[in-house]
Amino acid sequence: MESLPKVVKRRVNALKNLQVKCAHIEAKFYEEVHELERKYAALYQPLFDKRSDIVKAAYEPTDEECEWKADEEEELTDEMKEKAKLEEEKKDEEKEDPKGIPEFWLTVFKNVDLLSDMLQEHDEPILKHLQDIKVKFSDPGQPMSFTLEFHFEPNDFFTNTVLTKTYKMRSEPDDTDPFSFDGPEIMCCTGCPIEWTKGKNVTLKTIKKKQKHKGRGTVRTVTKTVPNDSFFNFFTPPEVPENGELDEDSEAVLAADFEIGHFIRERIVPRAVLYFTGEAIEDDDDDYDEEGEEADDEEGEEEADEENDPDYDPKKEAAPPAECKQQ
């Protein structure tokens, strides 16, 4: 720009003003997309409700609804199909008759890295009671937002039947930096209080500490309650102050939180059965090219070389950075 003649710079400024107007039109476009999402969410919901009824055994699908012809079955001979059918029936006879699809949502969570990283062992018995996840969009005329609803059957851990997480969004260019606009962005999120049954709150843990008296030298044991890693910290995200300024840790937690909320809304809820079976995970893996694999192989070779080095001492290696988790 500095090398351009003044008259050309003047015209470029005119183009930038046009670009700002484009950004405002784009913002309106995304507002209308949000309206379309709301409209089509109402069309999807009866199908999702039926999915929920099958998972929790409120509805038993008909033989016609259960018929599915997988690609590999097309190549099987009639004899092989009959043999496979008999083996399947034998297995069914040996097993108890489960209701619905046990641990459907827990399996989905465990199959998806983004969600399984949040799971702790003590979360799993609770998530076995998760019956459905729904997405609700803001009403017409209201600021853009969406709410994730986690529906639970009655359980021994908390009295809530629904846990909610609401994400507020904005679709308008920033006056101070209009060219940074790249579609709607999540501004903040709010969770809900969980009414834990006494002694069942997995987001807290009790630790015992020994304290020594400075003067007498006597030792006493003190019990303290401290935060505990848990998926259910998802419902108590850091609050965004009015000035919008967050410390580095809170900013990292919120960034991860926004990514998770968006992923649940965009991928998990619409395609839950494919994450349950693992098919969607294979599709996600197909999005990556082979460069990453080659890089991993090279990295593995480097590690092997280090281990073969007689001067290599793993204890001297720096510890890897901790993964970002909900606190």
Side-chain angles (χ1 to χ4, degrees), residues 34-35 37-42 44-49 51-53 55-56 58 104-106 108-109 112 114-120 122-170 184-197 200-204 227-240 250 253-272 275 325-327:
H34 190 69
E35 293 297 323
E37 284 184 309
R38 183 188 294 111
K39 174 186 173 182
Y40 278 88
Y44 287 127
Q45 197 54 53
L47 302 177
F48 294 156
D49 288 343
R51 176 181 72 187
S52 176
D53 287 342
V55 166
K56 64 186 182 185
F104 177 82
W105 289 102
L106 174 59
V108 170
F109 274 50
V112 178
L114 190 64
L115 301 177
S116 65
D117 287 346
M118 301 167 65
L119 284 185
Q120 306 298 321
H122 47 251
D123 294 324
E124 294 187 16
I126 308 175
L127 287 170
K128 288 180 181 180
H129 297 284
L130 179 59
Q131 293 184 314
D132 199 11
I133 304 176
K134 296 182 179 180
V135 180
K136 295 293 177 70
F137 292 92
S138 52
D139 293 330
Q142 296 298 312
M144 288 175 66
S145 70
F146 67 92
T147 299
L148 301 176
E149 294 182 351
F150 295 73
H151 292 252
F152 287 83
E153 65 183 349
N155 60 79
D156 297 332
F157 298 93
F158 45 70
T159 57
N160 311 64
T161 55
V162 182
L163 300 181
T164 61
K165 183 78 170 285
T166 299
Y167 291 85
K168 294 181 180 179
M169 305 165 70
R170 182 180 69 178
E185 58 181 330
I186 296 173
M187 301 305 296
C188 65
C189 58
T190 53
C192 69
I194 301 177
E195 306 298 332
W196 293 101
T197 304
K200 298 287 188 177
N201 188 347
V202 295
T203 64
L204 298 174
N228 193 25
D229 287 337
S230 168
F231 163 75
F232 292 91
N233 289 323
F234 181 67
F235 298 97
T236 53
E239 291 185 14
V240 179
S250 296
V253 170
L254 272 182
D257 190 299
F258 293 170
E259 182 185 1
I260 292 161
H262 184 74
F263 190 80
I264 292 174
R265 166 198 162 185
E266 289 286 320
R267 306 296 290 274
I268 299 296
V269 171
R271 309 176 71 204
Y275 283 100
K325 288 190 177 181
Q326 295 278 359
Q327 297 295 322

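One-based numbering along the sequence shown.
Distance check: L127 CG to Q120 CD gives 11.5 Å after rounding to the nearest 0.5 Å. The structure places CG of D229 at 11.5 Å from CG of D117, a figure rounded to the nearest 0.5 Å. Rounded to the nearest 0.5 angstrom, T164 OG1 and L148 CG are separated by 9.0 Å. Separating the CG atom in L254 from the CE atom in M187 is a distance of 11.0 Å, to the nearest 0.5 Å. One finds the OG atom of S145 at 7.5 Å from the NZ atom of K168 (value rounded to the nearest 0.5 Å). Here the CG-CD1 distance, from L115 to I268, works out to 5.0 Å after rounding to the nearest 0.5 Å.
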Check step by step if side chain to side chain donor-acceptor pair (under 3.5 Å) holds for H122 and E124. CA-CA 6 Å; H122 47 251; E124 294 187 16; over 6 Å; no
#### Entry: H151 vs I133, side chain to side chain contact (heavy atoms under 4.5 Å, CB included): CA-CA, chis, key distance, verdict
CA-CA 6 Å; H151 292 252; I133 304 176; over 6 Å; no
As a quick check of understanding, evaluate side chain to side chain contact (heavy atoms under 4.5 Å, CB included) for T166 and F146, giving each step before the final call. CA-CA 6 Å; T166 299; F146 67 92; over 6 Å; no
### Task
Determine, step by step, whether R271 and E266 satisfy the salt bridge (Lys or Arg N to Asp or Glu O under 4.0 Å) criterion, reporting the C-alpha distance in whole Å, the side-chain angles of both residues, the deciding distance to 0.1 Å, and the verdict.
CA-CA 9 Å; R271 309 176 71 204; E266 289 286 320; over 6 Å; no
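Cation-pi geometry between R38 and F137 is not met: the NZ or CZ atom fails to fall both under 6.0 Å from the ring centre and inside 45° of the normal. Figure legend: K165 and F234 shown as a cation-pi pair, the cationic atom lying under 6.0 angstrom from the six-membered ring centre and within 45 degrees of its axis.
Although no hydrogens or angles enter the test, the distance criterion places no donor-acceptor pair under 3.5 Å between the side chain of S52 and the main chain of F48.
Nearest heavy-atom pair, W105 versus Q131, reported as atom, atom and distance to 0.1 Å: NE1-O, 3.1 Å. Closest heavy-atom contact between A272 and V108: O-CG2, 3.7 Å. In plain terms, the two heavy atoms of V269 and R265 that are nearest each other are CB-O, 4.4 Å. Residues N201 and T203 come closest through the heavy atom pair OD1-OG1, 2.5 Å. Across all their heavy atoms, S138 and P143 have their closest contact at OG-O, 3.1 Å. In plain terms, the two heavy atoms of K200 and D156 that are nearest each other are CG-O, 3.5 Å.
Taking 4.5 Å as the limit, some side-chain heavy atom of K136 sits within range of a side-chain heavy atom of E149. In this structure the side chain of E195 reaches within 4.5 angstrom of the side chain of P193, judged on heavy atoms. The shortest distance between side-chain heavy atoms of C189 and D257 falls below 4.5 Å. Counting heavy atoms from C-beta on, the side chains of V135 and T147 never come closer than 4.5 Å. In this structure, the side chains of L163 and I194 come closer than 4.5 Å at one or more pairs of heavy atoms. In this structure the side chain of F157 reaches within 4.5 angstrom of the side chain of P125, judged on heavy atoms.
Annotation: F150 is in aromatic contact with F235 [ring centroid separation under 6.0 Å].
Under a 4.0 Å N-O distance rule, the pair K128/E153 does not qualify as a salt bridge. D132 and K56 are not joined by a salt bridge, as no carboxylate oxygen comes within less than 4.0 angstrom of a charged side-chain nitrogen.
The side-chain contact (heavy atoms from CB on, under 4.5 Å) check on A255 picks up nothing, with sequence neighbours excluded. Residues passing the side-chain contact (heavy atoms from CB on, under 4.5 Å) test with D49, sequence neighbours excluded: Q45, K134.
Under the ring pair (Phe, Tyr, Trp, His ring centres under 6.0 Å) test applied with F109, the options F263, F231, Y275 reduce to a single match, F231.
Ring-plane geometry between F158 and F152 is classed as perpendicular, the angle between the planes exceeding 60 degrees on a 0 to 90 degree scale with a lower cut at 30.
Of the N and O atoms on the side chains of N228 and S230, not one donor lies less than 3.5 Å from an acceptor on the other residue.
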